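Model, not experiment: these values are computed from the prediction. Reminder, nothing fancy here: chain letters follow the sequence lines and each chain counts from 1.
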2 protein chains.
Amino acid sequence: MATGTRDRIIDAALALFAERGVAAVPVTAIEAAAGLAAGSGAFYRHFRNKTELVDALVDRELTRARDRVPPARDEADGNATEVLTTRLRGDLDFLRELGPLIHILVWERGRNPELVERLRSTVFEASIESGMAEVLSLAPTQAVQEDPEAAAQVMLSAMVGFFLAEEYYGRPAGPVSADRFARALAALLTSEP
Amino acid sequence: MATGTRDRIIDAALALFAERGVAAVPVTAIEAAAGLAAGSGAFYRHFRNKTELVDALVDRELTRARDRVPPARDEADGNATEVLTTRLRGDLDFLRELGPLIHILVWERGRNPELVERLRSTVFEASIESGMAEVLSLAPTQAVQEDPEAAAQVMLSAMVGFFLAEEYYGRPAGPVSADRFARALAALLTSEP
DNA sequence: GTCTATATTCGGATAGAC
DNA sequence: GTCTATCCGAATATAGAC
């Protein structure tokens, strides 16, 4: 049950941090959400302090993100635009899974630079790289081939921007649904002169 | 000098909030940064409390953003891709000016829903609308014409995503500079089948 | 309007019983 | 491992002199 409590604390903290921010969540609130008595020091039997909890939490979630199996691709359907649209929708779902971690990054930036750097090098650079391969194989248009790396970053940036707008404003932020958005982005990437 | 101090407090708070987050900045630090004695209650002669300061600050910055004169356009140079590239670089500079306000939005979300809604309806919707007009006049390609609203949101999302990556990771986040990014996005939007 | 000083509340963290 | 009780430091906010 010892390890069980530790994980329950991490789960509770993840939800609270994503919602309110790390600094704004007192340890007492974490204890309460984890089923411990608020104000008892029970938390401190599992973590030296709040900082150590954040580190452990990020470790766990980053590992989960890395080990996530990409969903199987239906390679055999439709034209390039359709295939890319489907992939982009899947990527948006992945971003949503990553959401809490992203929010914590946002709140911890400045206070925890090496956390930020880990996320950047682990997730961001890998996304650019795989995005570049994806876009080159599915949308080898002239605009893409001129600078595939930049095209991949446009794709990634658009996805992240849309996701964040959806998260920070009540969803949907604008008149465009996730479906329409993915389709428009795919169409732009695959439109051949 | 009374109003002068009030504005100095807002200036100081804007910088501190953008850097560390609202919750993490004590009133004493704002006083110090505004040239008042830290720990003196001098702050409270100008604002009832920190919440009221945040409201006043957002009011001021939102008004500034609304009243900002868009930089004059050199209408007469180059092809559509070049013109759009230049515009996008200008928009990125505008986003950088808006940066502190965006960071505060990010930190206050959840604690201050009507602030978020004001920013969404004031800035976000206006950006979609003007972006749609822009993209239709400069890049009336087939992909854009099929769903101009979605294309505008792709453009806006990509800009915001790039800007945030630049801000939250040390700049530049990836191997792609702002110039390369703007050019690639413009090329994608204007590439005609 | 700004200062010194202070009352108060709250969050972080520890001690020791069970 | 979790509880009750408690200490300490930091942050909000006020009182009253200048």
Do the non-hydrogen side-chain atoms of E134(A) and L84(A) ever get within less than 4.5 Å of each other? yes

Mind listing the N/O atom pairs, protein and nucleotides 16-18 of chain C, below 3.5 Å?
{"residue": "dG16(C)", "atom": "O6", "partner": "R45(A)", "partner atom": "NH2", "Å": "3.4"}

Find the distance I9(A):CD1 to dG1(D):P and express it as a whole number of Å. 11 Å

Let me know the distance between CZ of R6(A) and P of dT2(D), rounded to the nearest Å. 13 Å

Name the closest nucleotide to the P26(B) side chain, picking from dT2(C), dT12(D), dG12(C). dT12(D)

Flag side-chain contact, heavy atom, 4.5 Å: V154(B) against F181(A): yes

Compare side-chain N and O positions of Y44(B) against OP1 and OP2 of dA13(D) and report whether any pair is under 4.0 Å apart. yes

I'd like to know if D55(B) and R60(B) make a salt bridge, using a cut-off of under 4.0 Å between side-chain N and carboxylate O. no

Under 3.5 Å, side chain of E149(B) to main-chain N/O of P175(A), donor-acceptor pair present? no

Please pick, from dC3(D), dG11(C), dT12(D), the nucleotide with the shortest atom-to-atom distance to any side-chain atom of L36(A). dC3(D)

Are any of the side-chain heavy atoms of V116(A) and L105(A) separated by less than 4.5 Å? yes

Could you run down the sub-3.5 Å N/O contacts of the protein with nucleotides 5-7 of chain C?
{"residue": "dA5(C)", "atom": "N6", "partner": "G39(B)", "partner atom": "O", "Å": "3.3"}

Distance-only donor-acceptor check, side chains H103(A) and E19(A), under 3.5 Å: no

Between R20(B) (CZ) and dA10(D) (C1'), how many Å, whole number? 14 Å

To the nearest angstrom, how far is R48(B) atom CZ from dT12(D) atom P? 17 Å

So does E166(B) pair up with R96(B), basic N to acidic O under 4.0 Å? yes

Is E146(B) paired with R183(A) through a side-chain N to carboxylate O contact shorter than 4.0 Å? no

Between F43(B) and G35(A), which residue's closest nucleotide on DNA chain D lies nearer the 5′ terminus? G35(A)

Could you state the atom-to-atom distance from CZ of R8(B) to C1' of dG1(C) in whole Å? 11 Å

Distance check needed: dT2(C) C1' versus F47(B) CZ, whole Å only. 16 Å

Minimum-distance nucleotide to A37(B) side chain [options: dG1(C), dC3(D), dT4(C)]: dT4(C)

Between P on dT2(C) and CD on E31(B), what's the gap in Å once rounded to a whole number? 10 Å

Is it the case that atom CD in E129(B) sees more than 12 heavy atoms from other parts of the structure closer than 6.0 Å? no

Measuring to OP1 and OP2 of dG1(D), would you say a side-chain N or O of T5(A) lies under 4.0 angstrom away? no

Among the nucleotides dT2(D), dA13(D), dT12(D), whichever has the atom closest to the side chain of N49(B) is dA13(D)

